[in-house]
Q: 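This structure is in structure tokens; I'll ask about it shortly.
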Protein chains: 2
Amino acid sequence: MEVAEAAGVSASTVSRILNGTARVSADKRKAVEKAIVDLNFTPNVLAQSLKRGQSKTIGVITQAVDSPFFTETLKGIEDGISGSGFAALIVSGHWNPDEEAERVGLLMARKVDGIIIVSGNIPDDQIVRFSEHVPMVATGHGCESDRLRAIRVDNVWGGYRATKHLIELGHRQIAHIAGIPTLTDATDRLAGYKQALEEAGIPYNDALVVQGDFRESGGLLCANQLLDRGVPFTALFAANDQTAYGARLAFFRRGIRVPDDISLIGFDDLPGSPYTTPPLTTIRQPVYEIGRMAAAAMLALIGNKPFKIEPPQLELTIRETTRRLR
Amino acid sequence: MEVAEAAGVSASTVSRILNGTARVSADKRKAVEKAIVDLNFTPNVLAQSLKRGQSKTIGVITQAVDSPFFTETLKGIEDGISGSGFAALIVSGHWNPDEEAERVGLLMARKVDGIIIVSGNIPDDQIVRFSEHVPMVATGHGCESDRLRAIRVDNVWGGYRATKHLIELGHRQIAHIAGIPTLTDATDRLAGYKQALEEAGIPYNDALVVQGDFRESGGLLCANQLLDRGVPFTALFAANDQTAYGARLAFFRRGIRVPDDISLIGFDDLPGSPYTTPPLTTIRQPVYEIGRMAAAAMLALIGNKPFKIEPPQLELTIRETTRRLR
DNA sequence: CTGTTAGCGCTTTCAC
DNA sequence: GTGAAAGCGCTAACAG
């Protein structure tokens with residue numbers, strides 16, 4: 001390499017200094033260090049990777065980089081690997097299992113040292129199969145194996161807790177805007193809703209449940225639908241905060257006051273939720289912490305170190321969109 | 001390579017088939033294709049890159065992956081390069097010039113084929129210097145050179161247009177919560193605010209301007225500050241939507257109605273802004289389009305193709321937080 | 001302590 | 001059309 005020549009030593013010596021692999025005499029070290037600065041030299045990570053068989057890169061598959069929900073997790077991952085010498089290669093799967101699988105291929109071709117998959121629609125058994133080739137960490141999935149760690153919150157509990165909060169406030173007619181039915185996050189929350197209802201002896205009413213899409217526009221649409229059905233309700237549990245935002249606007253449009261006329265609870269606790277008017281009561285999901293945990297688990301997996309995943313806890317965050325009935 | 005052996009041909013032939021570099025007889029092609037499928041072979045991109053001297057990777061430096069403002073641009077970039085065979089390596093600089101410079105180094109060490117830098121605090125001349133080593137596209141910067149393209153919106157115009165909208169509605173006492181003063185985005189918007197005032201013959205009043213931080217919490221704080229000063233105002237121009245959200249909450253807390261008592265206008269048009277209550281009037285910034293354009297410009301730069309950057313236009317988006325005075 | 005040698009997986013002349 | 005050979009930039013034995 002160029003530096004070696006300039007410093008009058010062999011390439012090996014330069015490599016040794018760069019990596020601290022072995023002791024080098026002080027004078028040669030000086031010469032090499034000078035040459036490195038003079039030539040503004042940076043080792044070619046590609047060549048290093050090819051040689052070492054690992055690329056110091058962690059692949060991350062997210063679903064939509066534009067959703068605040070994912071970006072918080074991304075930030076956690078980023079913070080978690082920062083300083084470790086690894087970099088994150090981020091790609092999106094857009095909730096499409098085929099696309100996700102293709103992305104996994106893309107990442108493997110780049111010889112990433114591990115893949116973190118943030119939520120998504122890939123079947124669990126396929127993830128297990130992938131993990132035979134490369135260490136994986138999956139959030140929002142339940143499966144584990146030798147080289148696969150899963151991080152998942154208890155969405156059933158979350159749906160249950162949200163609904164129970166409403167019930168505790170005296171509500172009995174509680175509507176629900178569900179999420180995308182193919183995602184277990186959504187169906188789990190719905191299951192929790194039903195469970196809380198049943199526990200309180202409130203019969204489940206199909207007319208009070210409508211299917212959204214986890215986005216604001218869906219929330220707006222669904223709330224209107226709910227209202228148009230004419231079945232009265234005093235509280236609404238939205239499957240996520242974005243849905244709640246949309247529903248909130250629907251209510252606003254019709255002059256329905258929150259929480260005076262209808263109590264509203266969301267799910268996620270997005271960064272914007274403390275700043276809605278009024279601030280949104282919600283189930284806080286520790287997305288940032290999930291990201292950090294995913295990163296830590298991956299680093300441990302790569303380094304063959306033990307790591308215990310503490311399942312992150314959901315938390316009822318009471319703000320001002322829910323109130324006691326009467 | 002393994003595939004070559006399995007198919008009974010040389011590595012060169014496999015390479016030729018993989019890249020379509022030369023004609024290969026049909027039978028060998030068949031054999032190789034079969035072997036590829038059988039062995040589930042994917043070429044090692046690292047080795048390819050090392051050989052070819054380009055990595056099929058575009059580095060992206062963003063400032064904070066958790067801000068909706070940046071993630072929209074990121075999505076645009078991602079969509080823009082998808083299908084081109086390139087992948088995006090995303091890192092954040094956190095508004096810290098030193099950190100940004102270090103990240104550029106990290107990306108260069110990985111031999112990225114180009115770097116897109118999304119906003120940030122690196123001095124322009126340093127970007128020019130970087131661009132001597134690797135093609136660059138910078139958003140929010142003005143400098144251009146041989147291997148450097150810049151994409152920037154006219155923030156002065158935006159600040160001017162926002163303020164003028166308020167003036168057209170009859171407002172004369174217009175407050176402003178500014179952004180981070182080290183960012184030209186912020187100072188430009190402030191300049192536009194002053195310009196509109198001057199044009200309308202309204203004297204600039206220091207007591208009506210306070211410095212925020214482009215975030216909700218800052219907006220809340222600053223709006224309270226403004227209110228506490230006791231200098232009356234009927235309209236507020238917030239330097240970005242997040243600031244507007246915070247200010248909106250401050251007003252809500254004090255029973256000040258928007259837009260009945262105070263008109264409010266933001267800047268950016270974040271995905272959530274059409275869903276605030278009431279929906280936020282703002283200056284729409286085409287962040288997604290900026291991302292796409294950055295990607296297209298980069299691809300053109302890499303391919304040595306000509307590309308004309310159409311400076312993206314800001315647009316006054318009137319919704320329901322501003323109204324005519326009286 | 002340090003230089004020599006071989007090779008990571010691929011592409012690309014250069015012959016045949 | 002196709003194989004042999006060289007080499008991208010680096011690291012890791014292996015000798016000294």
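The structure displayed is predicted, hence computed values, not measured ones. Side chains included, hydrogens not; waters and symmetry mates left out as well; all remaining heavy atoms used. Residue numbers start from 1 in every chain, and the chains themselves are labelled A, B, ... in the order their sequence lines are given, proteins ahead of strands.
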Q: Report the end-to-end axis angle of the helix from C/dC1-D/dG16 to C/dC16-D/dG1; each axis comes from five terminal pairs, and the value is rounded to 10°.
A: 40°

Q: Which residue pairs satisfy the side chain to side chain donor-acceptor pair (under 3.5 Å) criterion with at least one member in residues 106-120 of chain B, sequence neighbours excluded?
A: A/T57-B/R110

Q: Please collect all side chain to side chain donor-acceptor pair (under 3.5 Å) contacts where either partner lies in residues 300-313 of chain B, sequence neighbours excluded, each pair once.
A: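 Applying side chain to side chain donor-acceptor pair (under 3.5 Å) to every pair that reaches into residues 300-313 of chain B, excluding sequence neighbours, yields nothing.
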
Q: Could you write nucleotides 8-16 of chain D as a row of B, S and -, 5' to 3', where a protein heavy atom under 4.0 Å of any base atom gives B, of only sugar-phosphate atoms gives S, and otherwise -?
A: BBBBBB---

Q: Taking only side-chain N and O atoms of B/S25, does any of them lie within less than 4.0 angstrom of OP1 or OP2 on D/dT2?
A: yes

Q: Taking only residues two or more places apart in sequence or in another chain, which ones pass side chain to side chain contact (heavy atoms under 4.5 Å, CB included) with A/D38?
A: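 Applying side chain to side chain contact (heavy atoms under 4.5 Å, CB included) to A/D38 gives A/K34.
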
Q: With A/D79, which residues qualify under salt bridge (Lys or Arg N to Asp or Glu O under 4.0 Å), at least two apart?
A: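 For A/D79, the residues satisfying salt bridge (Lys or Arg N to Asp or Glu O under 4.0 Å) (neighbours in sequence not counted) are A/K75.
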
Q: For the residue pair A/T13 / A/S10, report whether a side-chain donor-acceptor contact shorter than 3.5 Å exists.
A: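 Yes, side-chain donor-acceptor contact under 3.5 Å.
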
Q: Without decimals, in angstroms, what is the distance between A/Q54 CD and C/dG9 P?
A: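 Computing the A/Q54:CD to C/dG9:P distance gives 14 Å.
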
Q: Among residues at least two apart in sequence or on other chains, which ones pass salt bridge (Lys or Arg N to Asp or Glu O under 4.0 Å) with A/R52?
A: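 Once residues adjacent in sequence are excluded, A/R52 has no partner under the salt bridge (Lys or Arg N to Asp or Glu O under 4.0 Å) criterion.
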
Q: B/S15: which residues meet the side chain to side chain contact (heavy atoms under 4.5 Å, CB included) condition with it, sequence neighbours left out?
A: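 For B/S15, the residues satisfying side chain to side chain contact (heavy atoms under 4.5 Å, CB included) (neighbours in sequence not counted) are B/N19.
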
Q: Without decimals, in angstroms, what is the distance between A/E5 CD and C/dG3 P?
A: 13 Å

Q: Using the salt bridge (Lys or Arg N to Asp or Glu O under 4.0 Å) criterion, which residues pair with B/E2? Sequence neighbours excluded.
A: none

